[in-house]
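Positions are given from 1, in the same order as the sequence printed here. A quick note: this is a predicted structure, and the numbers were derived from the prediction, not measured.
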Amino acid sequence: MAENEKVNAAPEAAAPAPAAKPPKKPTLPGVLALRKVVNDVYQAAWDAKKAGKPVGWSSSKFPCEICEALDLAVVYPENQAAGIGARHDGQRMCEAAEDMGYDPDICGYTRISLAYSAGVETTNETRRVPMPDFVLCCNNICNDMTKWYENIARMHNIPLIMIDVPYNNDMTVSDSQVAYIKGQFLDAIKKLEKIAGTKFSEKKFAEACHNANRTAKAWLKVCDYLQYDPSPMSGFDLFNHMADVVTARGKVAAAEAFELLDKNLAELVKKGETTTPFPEKYRIMFEGIPCWPELKTLFKPLKANGINVTAVVYAPAFGFVYDTDSLDNLDGLCRAYYKAPNSVSIEQGVAWREGLCRENKVDGALIHNNRSCKPWSGYMSEMARRFNKDLGIPCVSFDGDQADPRNFNEAQYLTRVQGLVEAMEENRQKRLAKKEEAAK
């Protein structure tokens, strides 16, 4: 090339500057308050252990109000196991339990907790809890809980207090069922008085019930914000706040934090704003417990396709609201704890879910076939059939696990999400065509 041609040639195009990332949205004050609530619960357990006071491990749906009335420090293995899974230490802990002889087909939470109970160390990033002096179990979640907590009690040679909640085939809780639960609650109080070394306080019990109802009502209000279009948040945000409603239902700090979050979300709705980092195009129900080790993987294709999770049944299931305020009026408390997703009839389960789908205006359902939670996943095929028949929405399912990443396949998940997008878009185009035809 001649020298003058070099001079006169068009300059080489400069590489385009990378697009600026949108500024990160500030964390809501209510969310910050909720983070402190969980940290305080676990610190209180360590403080109690250091002071020589008994510390309990409890299933998430054991009546926390009883322990609050006795000033007993309690932590929750399900919450700890979910955190260990979310921090990518679940597989190692599950494998440790399997090396101890526990079957890989049992719940991932159970395997993680049994390994931890046996002394297997977690990584520095995961939350540790003090070893238990007693365990509290309520099988309204599932019957796996019974053997899980029995094994912990045997390992440490400590008392197990068990509340048996039989499966309910009816839509309502009968008086005889209430009487059965009430007797167990009263017996648990006597046993816990001996462990605590103090008498049950009716005043503290009334305060705990008041706080638990405040927490539950505020939590359910927060859950209800998913009904707005667009929603001021995602159902994945509710999953992030599950730790608070599990570990601190009976504490005033949890009630105040959820009430603050309620105000924050109301302000977002008023302004027409959202914390969701993408424009909402489709709205879906996410059915089941999330895959905690794969939350980012779950969220990424939803974000890419403008899919917002606006209905979940797992979160509001912890909204226990009742009228109990004393031991003379335990019926309301008993009825509330009798209703959990795995202890109610399929008709009740369908009614809950279809109500959420209608109220929260979903376009489809994404169903997690959770290897850990067989009672929940077992009737999901029938649930999907009902959704399609009754609501006319497409449903897709994917295999996974709430704690063990070995049971999740990213390629399968991505394919199922894409199939759901295509089905929802087809439905949308049909609706638009109908409107255009009606307008002619």
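- Formation of a donor-acceptor pair under 3.5 Å by the Asp89 side chain with backbone atoms of Thr122 is not found in this model.
- Here the shortest heavy-atom pairing between Ile161 and Ala188 reads CG2-CB, 3.6 Å.
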Open item on the list: For Tyr180 and Tyr338: C-alpha separation, side-chain torsions, deciding distance, then whether side chain to side chain contact (heavy atoms under 4.5 Å, CB included) applies.
Closed with: CA-CA 11 Å; Tyr180 179 66; Tyr338 213 109; 5.7 Å; no

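- Residues Glu65 and Thr324 form no side-chain contact, since every pair of their non-hydrogen atoms from C-beta on lies 4.5 Å or further apart.
- Here the side chain of Asp170 pairs no donor or acceptor atom with the backbone of Thr172 at under 3.5 angstrom.
- Of all non-hydrogen atoms in Ser113 and Ile152, the two that sit nearest each other are OG-CD1, 3.8 Å.
- Between Lys217 and Val321 there is a side-chain heavy-atom pair separated by less than 4.5 Å.
- Between the side chains of Asn240 and Arg35, not a single donor N or O lies within less than 3.5 Å of an accepting N or O.
- Between the side chain of Ser60 and the backbone N or O of Val246 there is no donor-acceptor pair closer than 3.5 Å.
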Task: Verdict with supporting geometry, Asp175 and Arg335, salt bridge (charged side-chain N to carboxylate O under 4.0 Å, His left out) - done: CA-CA 9 Å; Asp175 291 342; Arg335 291 183 192 279; 2.8 Å; yes

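- In this structure a side-chain-to-backbone donor-acceptor pair under 3.5 Å is missing from Ser345 to Met171.
- You'll find the side chain of Leu136 stays beyond 4.5 Å of the side chain of Ile66, heavy atoms only.
- Thr275 contributes a side-chain N or O that, together with a main-chain N or O of Pro232, makes up a donor-acceptor pair within less than 3.5 Å.
- In this structure, Glu287 contributes its side chain and Met380 its backbone to no donor-acceptor pair below 3.5 Å.
- Under a 4.0 Å N-O distance rule, the pair Lys263/Glu267 does not qualify as a salt bridge.
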Open item on the list: Is there a salt bridge (charged side-chain N to carboxylate O under 4.0 Å, His left out) between Arg406 and Asp404? Walk through the geometry before answering.
Closed with: CA-CA 6 Å; Arg406 291 173 292 177; Asp404 188 340; 2.7 Å; yes

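- In this structure, Arg249 forms no cation-pi arrangement with Phe320, as its terminal cationic atom is not both closer than 6.0 Å to the ring centre and no more than 45° off the ring axis.
- When every heavy atom of Thr215 is checked against every heavy atom of Lys251, the shortest pair comes out as OG1-O, 3.8 Å.
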Open item on the list: Would Phe205 and Glu68 count as a side chain to side chain contact (heavy atoms under 4.5 Å, CB included) here? Give the steps.
Closed with: CA-CA 7 Å; Phe205 180 65; Glu68 292 287 342; over 6 Å; no

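- For the pair Val313 and Leu356, the minimum side-chain heavy-atom distance is below 4.5 Å.
- In this structure, the side chain of Asn264 engages the main chain of Gly30 through a donor-acceptor pair within 3.5 Å.
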Open item on the list: Apply salt bridge (charged side-chain N to carboxylate O under 4.0 Å, His left out) to residues Lys434 and Glu437 and explain how you reach the verdict.
Closed with: CA-CA 5 Å; Lys434 283 184 180 179; Glu437 185 65 29; over 6 Å; no

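- Side-chain N or O atoms of Asp187 include none that pairs as donor or acceptor with a backbone N or O of Gly183 at under 3.5 Å.
- Of the N and O atoms on the side chains of Thr297 and Glu410, not one donor lies less than 3.5 Å from an acceptor on the other residue.
- Using modelled atom types, no side-chain atom of Asn308 and backbone atom of Glu280 make a donor-acceptor pair closer than 3.5 Å.
- Ionic pairing of Asp103 and Arg111 is not present here: no N-O contact between side-chain nitrogen and carboxylate oxygen is shorter than 4.0 angstrom.
- Shown here for Leu330 and Leu327, the closest heavy-atom pair between the two residues is CG-O, 3.7 Å.
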Under 3.5 Å, side-chain donor or acceptor atoms of residues 222-230 against the rest of the protein: list the pairs with distances, not counting sequence neighbours.
from, atom 1, to, atom 2, distance (Å)
Tyr225, OH, Asp262, O, 3.1
Tyr225, OH, Asp262, OD1, 2.6

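- When the options Cys291, Ser397, Cys373 are evaluated for a side chain to side chain contact (heavy atoms under 4.5 Å, CB included) with His368, the one that passes is Cys291.
- Between Ser234 and Thr276, the shortest heavy-atom contact is N-OG1, 3.7 Å.
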- [ ] For side chain to side chain contact (heavy atoms under 4.5 Å, CB included), just list the numbers for Asp40 and Lys36, CA-CA rounded to whole Å, side-chain angles, deciding distance to a tenth of an Å, and then say yes or no.
- [x] CA-CA 6 Å; Asp40 287 350; Lys36 184 178 184 305; 2.7 Å; yes

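- Look at Glu207 and Arg214 and you find no salt bridge, because none of the NZ, NE, NH1 or NH2 atoms lies under 4.0 Å from a carboxylate O.
- Between Asn139 and Met162, some side-chain heavy-atom pair lies under the 4.5 Å cut-off.
- Using modelled atom types, one side-chain atom of Arg283 and one backbone atom of Lys361 make a donor-acceptor pair closer than 3.5 Å.
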TODO: Output, in order, the C-alpha distance, side-chain angles, deciding distance and verdict of side chain to side chain contact (heavy atoms under 4.5 Å, CB included) for Tyr167 and Asn143.
DONE: CA-CA 10 Å; Tyr167 182 82; Asn143 281 327; over 6 Å; no

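- Side-chain contact check for Asn360 versus Met285: every heavy-atom pair is 4.5 Å or farther apart.
- What you find for Pro77 and Val75 is that their closest heavy atoms are CD-O, 3.6 Å.
- Using modelled atom types, one finds a donor on one side chain and an acceptor on the other under 3.5 Å when comparing Trp292 with Tyr109.
- From Asp401, atom CG reaches atom SG of Cys94 across 7.0 Å, with rounding to the nearest 0.5 Å.
- Taking 4.5 Å as the limit, some side-chain heavy atom of Phe286 sits within range of a side-chain heavy atom of Leu298.
- Of the inter-residue distances, the one linking Met424 atom CE with Asn305 atom CG reads 7.5 Å to the nearest 0.5 angstrom.
- From Phe258, atom CZ reaches atom CG of Leu265 across 11.0 Å, with rounding to the nearest 0.5 Å.
- Ser377 and Asn370 share no side-chain donor-acceptor pair at under 3.5 Å.
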